[in-house]
Amino acid sequence: MRYLCLLLPLFLFSEESFISHYEYGEMLYNSPRGVSCEECHGKSGEGKIIVTYQDIHGKEAIKGADIRRKTLDEMLKSVSTYHKVMPRYYLTDKEVEAIYDYLKVKNQKYLDTLDNNQSK
Ligand code: HEC
């Protein structure tokens, strides 16, 4: 019994720190200093149409890419470089990692089905 009492706080602490890492990633994904990733990459990084417009080619759309399968390296690079549409961010590696981990957990089911269908 005494043994259990010693272990319990440890367990609770690790549980909480895991959740807060996820929540930290969620918070960053939804609002990294103003322009949230969610606005262009959708709720879970699946991508979304940012704006549609009409030009001589007909109806065009600007889309935020599906980033669910991007590696951490790709994410680190992409966030800290300039693009046509996507802003350049000044996030630390740890912050980008939290966003990356958040998307991994959030899309676990989707990523699992991909692993099962593609034999590498
Ligand atoms: C204003 C819209 C916008 C916002 C906000 C935005 N992105 Fe993007 N992102 C894009 C677009 C559009 C692309 C496709 C490449 C391009 O043309 O910029 C892209 C591409 C990417 C890519 C893939 C790059 C590649 O290698 O193909 C990653 C990863 C990414 N974004 C992550 C993020 C993260 C993380 C955030 C938040 C910190 C974010 N983006 C915020 C619009 C946005």
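Since the structure is predicted, the reported quantities are computational estimates derived from the model, not experimental observations.
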Original post:
In Å, rounded to the nearest 0.5 Å, how long is the span from CG of Leu111 to CZ of Arg69?
Top reply: 8.5 Å
**OP:** Working to the nearest 0.5 Å, report the span between CG of Asp66 and NE2 of His41.
**Re:** 9.5 Å
Without swapping roles, check the side chain of [X] against the backbone of [Y] for a donor-acceptor pair under 3.5 Å.
X: Ser36; Y: Asn30; value: yes
X: His83; Y: Arg88; value: no
X: Tyr89; Y: Val35; value: yes
X: Thr113; Y: Lys109; value: yes

Original post:
Who are the salt bridge (Lys or Arg N to Asp or Glu O under 4.0 Å) partners of Asp93, not counting sequence neighbours?
Top reply: none
**OP:** Could you list the residues that satisfy salt bridge (Lys or Arg N to Asp or Glu O under 4.0 Å) with Glu97, not counting sequence neighbours?
**Re:** none
Subject >> Residues clustered with Ile49, ILVMFWY side-chain links under 4.5 angstrom >> reply: none
Could you check if a side-chain atom of [X] sits within less than 4.5 angstrom of a side-chain atom of [Y], using non-hydrogen atoms only?
X: Lys106; Y: Tyr29; answer: no
X: Tyr102; Y: His21; answer: no
X: Ile67; Y: Lys70; answer: yes

Original post:
Which pairs pass side chain to side chain donor-acceptor pair (under 3.5 Å) with one or both residues in residues 44-60, sequence neighbours excluded?
Top reply: none
Subject >> Contacts of type side-chain contact (heavy atoms from CB on, under 4.5 Å), residue Ile50, not counting sequence neighbours >> reply: Cys40, Ile62, Val85
Considering only distance and modelled atom types, tabulate donor-acceptor pairs under 3.5 Å from the side chains of residues 74-81, sequence neighbours left out.
unit_1, atom_1, unit_2, atom_2, d
Glu74, OE1, Thr71, N, 2.8
Glu74, OE1, Thr71, OG1, 3.3
Ser80, OG, Leu76, O, 2.9
Ser80, OG, Lys77, O, 3.4
Thr81, OG1, Lys77, O, 3.0
Thr81, OG1, Ser78, O, 3.4

Original post:
Shortest non-hydrogen contact from Leu103 to Gly45?
Top reply: CD2-N, 4.1 Å
Subject >> Which atom of Leu72 lies closest to which atom of Tyr100, heavy atoms considered >> reply: N-CE1, 3.3 Å
Subject >> Check against side-chain contact (heavy atoms from CB on, under 4.5 Å), Glu95 and Tyr24 >> reply: CA-CA 8 Å; Glu95 289 171 326; Tyr24 182 54; 3.3 Å; yes
